[in-house]
Amino acid sequence: MKVGVTGGMGSGKTRVCQAFSALGVPVFHADEEAKKLYEEDEIKTWLSAHISEKIFDHQGQVDRQKLAAIIFSDPLKIKLLEEKIHPIVASRFGHWYQAHRSQPYVLYEAAILFETGRYKQLDYTILVTAPKDVRIERIKLRDGHSTAEIEARMQRQWEDEKKIPLADFIINNIDWPDTLREVERIHQILIQKASKNDFPDFGKSL
C-alpha cells in the first residue's frame with residue numbers, strides 16, 4: 001500500500017516519519033527529493049531561465065533561501081516550479097516504489113499532499129497536526145525565521161480544517177510519547193489492512 005504523510009510547517013511530520021521508519025517502514029521524502037534536483041545541471045539551467053539568475057551562490061549552487069524568497073513572492077513562479085519539479089519527483093517515487101513493493105506498505109511524505117491533489121494517487125493518508133502557535137515556535141527554533149516570514153509561507157498551505165476531512169488518520173503531535181503511541185496504533189492498522197489487501201477504491205497504481 002502507498003500511504004501519504006503530510007502536515008503544515010512545523011507540525012513535525014518528518015519526525016513522525018522517523019518514528020514509522022524505526023518500525024521498519026520505508027519512507028520516500030518527496031520534498032527532499034525535490035531539493036536534490038536543484039543540484040542537477042539541467043534543473044539549474046531551467047531555474048536560471050524560468051525563475052531567476054539571482055538564486056545561485058558564488059559557487060553556482062542554488063541558494064534555497066533566495067529561491068524561497070523569490071517564489072513565495074510570486075504565485076505564478078511557484079506554479080511554474082511545481083509543474084516542472086513534481087512530475088520528476090513522481091517518476092522517481094514510481095521507481096522507488098517498485099523496489100519496495102514487497103513491504104506491507106510504504107510512506108510518501110510531502111508538505112502539500114492535499115493541495116496538489118497527489119493524495120488521490122495514494123491508498124491512505126496520515127495528517128500530522130499541531131496548534132499554529134506551537135508550529136510557529138518550532139519553526140523559529142529550527143530555522144530562525146520571523147513570525148511574519150513563517151506566516152507568509154504558511155499561507156501557501158491549506159489550513160488543517162480543510163485537510164482533516166480528506167485524511168484517513170490524524171496525529172495531533174503535541175506530546176511526543178502520545179504521538180509515538182498513535183504511530184504504533186496506526187502502524188498496526190495499516191499492517192492489518194495490507195495483510196487483507198484492504199485497499200480503498202480510489203487508490204491508483206504507479
Side-chain angles (χ1 to χ4, degrees), residues 2-15 17-18 21 26-101 106-123 125 127-128 135 139 142-146 148-159 162-163 166 203-206:
K2 300 182 292 290
V3 180
V5 179
T6 192
M9 293 175 62
S11 62
K13 67 182 182 305
T14 299
R15 192 180 183 194
C17 283
Q18 291 171 347
S21 181
V27 182
F28 181 87
H29 301 281
D31 299 330
E32 290 303 315
E33 287 297 317
K35 290 176 183 177
K36 290 178 185 177
L37 290 177
Y38 301 149
E39 300 173 5
E40 299 182 6
D41 290 339
E42 180 183 346
I43 299 300
K44 287 181 184 178
T45 299
W46 184 91
L47 289 168
S48 179
H50 296 87
I51 303 300
S52 175
E53 297 179 351
K54 298 178 180 179
I55 63 172
F56 300 96
D57 61 23
H58 296 303
Q59 296 178 328
Q61 301 300 313
V62 174
D63 184 317
R64 292 175 188 164
Q65 288 189 340
K66 290 180 180 178
L67 175 61
I70 289 173
I71 65 171
F72 282 116
S73 64
D74 188 339
L76 291 178
K77 287 191 174 180
I78 290 180
K79 187 173 185 296
L80 191 64
L81 183 62
E82 289 176 348
E83 289 175 349
K84 177 66 176 179
I85 298 297
H86 286 180
I88 300 174
V89 173
S91 175
R92 295 190 179 184
F93 172 66
H95 292 295
W96 179 90
Y97 172 71
Q98 293 300 325
H100 293 85
R101 290 198 67 169
V106 299
L107 294 183
Y108 178 95
E109 180 199 3
I112 51 173
L113 193 67
F114 294 118
E115 291 88 336
T116 61
R118 178 68 173 163
Y119 74 98
K120 296 176 182 178
Q121 296 176 304
L122 303 170
D123 298 300
T125 55
L127 173 64
V128 182
R135 291 163 49 206
I139 299 168
R142 184 188 69 193
D143 301 331
H145 295 314
S146 68
E149 289 174 320
I150 296 168
E151 289 183 338
R153 295 189 182 190
M154 282 183 168
Q155 289 178 3
R156 179 173 169 249
Q157 300 179 341
W158 289 359
E159 295 289 339
K162 189 172 181 179
K163 291 184 279 192
L166 300 173
K204 297 182 179 68
S205 297
L206 291 177

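Side chains are part of it too, since the values below use all heavy atoms of this structure and drop only hydrogens, waters and symmetry mates.
Counted within 6.0 Å of CD on Gln65, heavy atoms from surrounding residues, nucleotides or ligands total 12 or fewer; the atom is thus considered open.
For Lys77, the salt bridge (charged side-chain N to carboxylate O under 4.0 Å, His left out) criterion is met by no residue, not counting sequence neighbours. Among residues two or more places apart in sequence or in another chain, the ring pair (Phe, Tyr, Trp, His ring centres under 6.0 Å) test is passed with Phe56 by none. Remark: Lys54 engages no residue in a side chain to side chain donor-acceptor pair (under 3.5 Å) (not counting sequence neighbours). Partners of Glu115 by side-chain contact (heavy atoms from CB on, under 4.5 Å), not counting sequence neighbours, listed by chain and number: Ile112, Gln157, Trp158, Lys163. Remark: Trp96 pairs with no residue by the side chain to side chain donor-acceptor pair (under 3.5 Å) rule, at least two apart or across chains. Applying the side-chain contact (heavy atoms from CB on, under 4.5 Å) criterion to Arg153, with sequence neighbours excluded, gives Met9, Ala68, Phe72, His145. Scored by the ring pair (Phe, Tyr, Trp, His ring centres under 6.0 Å) test, His86 finds no partners at all (sequence neighbours excluded). Taking the side chain to side chain donor-acceptor pair (under 3.5 Å) definition, one finds that Thr14 meets it with Glu109, sequence neighbours left out. Listed by chain and residue number, Lys79 satisfy the salt bridge (charged side-chain N to carboxylate O under 4.0 Å, His left out) test with Glu83 (two or more places apart in sequence, or in another chain). Residues satisfying the side chain to side chain donor-acceptor pair (under 3.5 Å) criterion with Glu82, sequence neighbours excluded, are Arg156. Legend: residues meeting side-chain contact (heavy atoms from CB on, under 4.5 Å) with Ser91, ordered by chain and number and at least two apart, are His95.
Using cut-offs of 30° and 60° for the angle between ring planes, the Phe93 and Tyr108 rings count as perpendicular.
To the nearest 0.5 Å, the span separating OG on Ser73 from CD1 on Ile78 amounts to 8.0 Å. Once rounded to the nearest 0.5 Å, the distance linking CG of Leu81 with CG of Leu76 reads 12.5 Å.
Within the structure, salt bridge (charged side-chain N to carboxylate O under 4.0 Å, His left out) pairs that include any residue of residues 63-74 do not occur (at least two apart or interchain).
A donor-acceptor contact shorter than 3.5 Å is absent between the side chain of Asp57 and the backbone of Val62. Counting only distance, with no hydrogens or angles, the side chain of Thr45 and the backbone of Asp41 share a donor-acceptor pair below 3.5 Å. Here the side chain of Ser11 pairs a donor or acceptor atom with the backbone of Gly8 at under 3.5 angstrom. A donor-acceptor pair under 3.5 Å is formed between the side chain of Asp123 and the backbone N or O of Lys2. Judged by distance alone, the side chain of Thr6 and the main-chain N or O of Leu127 form no donor-acceptor pair under 3.5 Å.
Of all heavy-atom pairs between Ile85 and Ala34, the closest is CG2-CB, 3.7 Å. Nearest heavy atoms, Ala111 versus Asp31: N-OD2, 3.0 Å. Here the closest non-hydrogen pair linking Thr125 and Leu166 is OG1-O, 3.4 Å. What you find for Trp46 and Leu80 is that their closest heavy atoms are CH2-O, 3.6 Å. Residues Cys17 and Leu107 share a closest heavy-atom pair of SG-CD1, 4.5 Å. Contact detail for Val5 and Leu113: the closest heavy-atom pair is N-CD2, 4.2 Å.
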Working note: Leu47 + Ile55, criterion side chain to side chain contact (heavy atoms under 4.5 Å, CB included); need CA distance, chi angles, decisive distance, verdict. CA-CA 8 Å; Leu47 289 168; Ile55 63 172; 3.8 Å; yes

Next item on the list: Would you check, one step at a time, whether the test salt bridge (Lys or Arg N to Asp or Glu O under 4.0 Å) holds for Glu33 with Lys36?
Entry: CA-CA 5 Å; Glu33 287 297 317; Lys36 290 178 185 177; 3.2 Å; yes

message: I'd like to know whether Lys44 forms a side chain to side chain contact (heavy atoms under 4.5 Å, CB included) with Gln61, so could you lay out the CA-CA distance, the side-chain angles of the two residues, the decisive distance to 0.1 Å, and finally the verdict.
response: CA-CA 8 Å; Lys44 287 181 184 178; Gln61 301 300 313; 3.2 Å; yes

- Might you work through the side chain to side chain contact (heavy atoms under 4.5 Å, CB included) test for Phe28 and Val106, ending with a clear yes or no? CA-CA 8 Å; Phe28 181 87; Val106 299; over 6 Å; no

Q.
I'd like to know whether Ile150 forms a side chain to side chain contact (heavy atoms under 4.5 Å, CB included) with Arg135, so could you lay out the CA-CA distance, the side-chain angles of the two residues, the decisive distance to 0.1 Å, and finally the verdict.
A. CA-CA 9 Å; Ile150 296 168; Arg135 291 163 49 206; over 6 Å; no

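Between Lys35 and Glu32, at least one side-chain nitrogen of the basic residue sits less than 4.0 Å from a carboxylate oxygen of the acidic one, meeting the salt-bridge criterion.
Gln121 and Arg118 form a side-chain donor-acceptor contact under 3.5 Å, judged by distance and modelled atom types alone.
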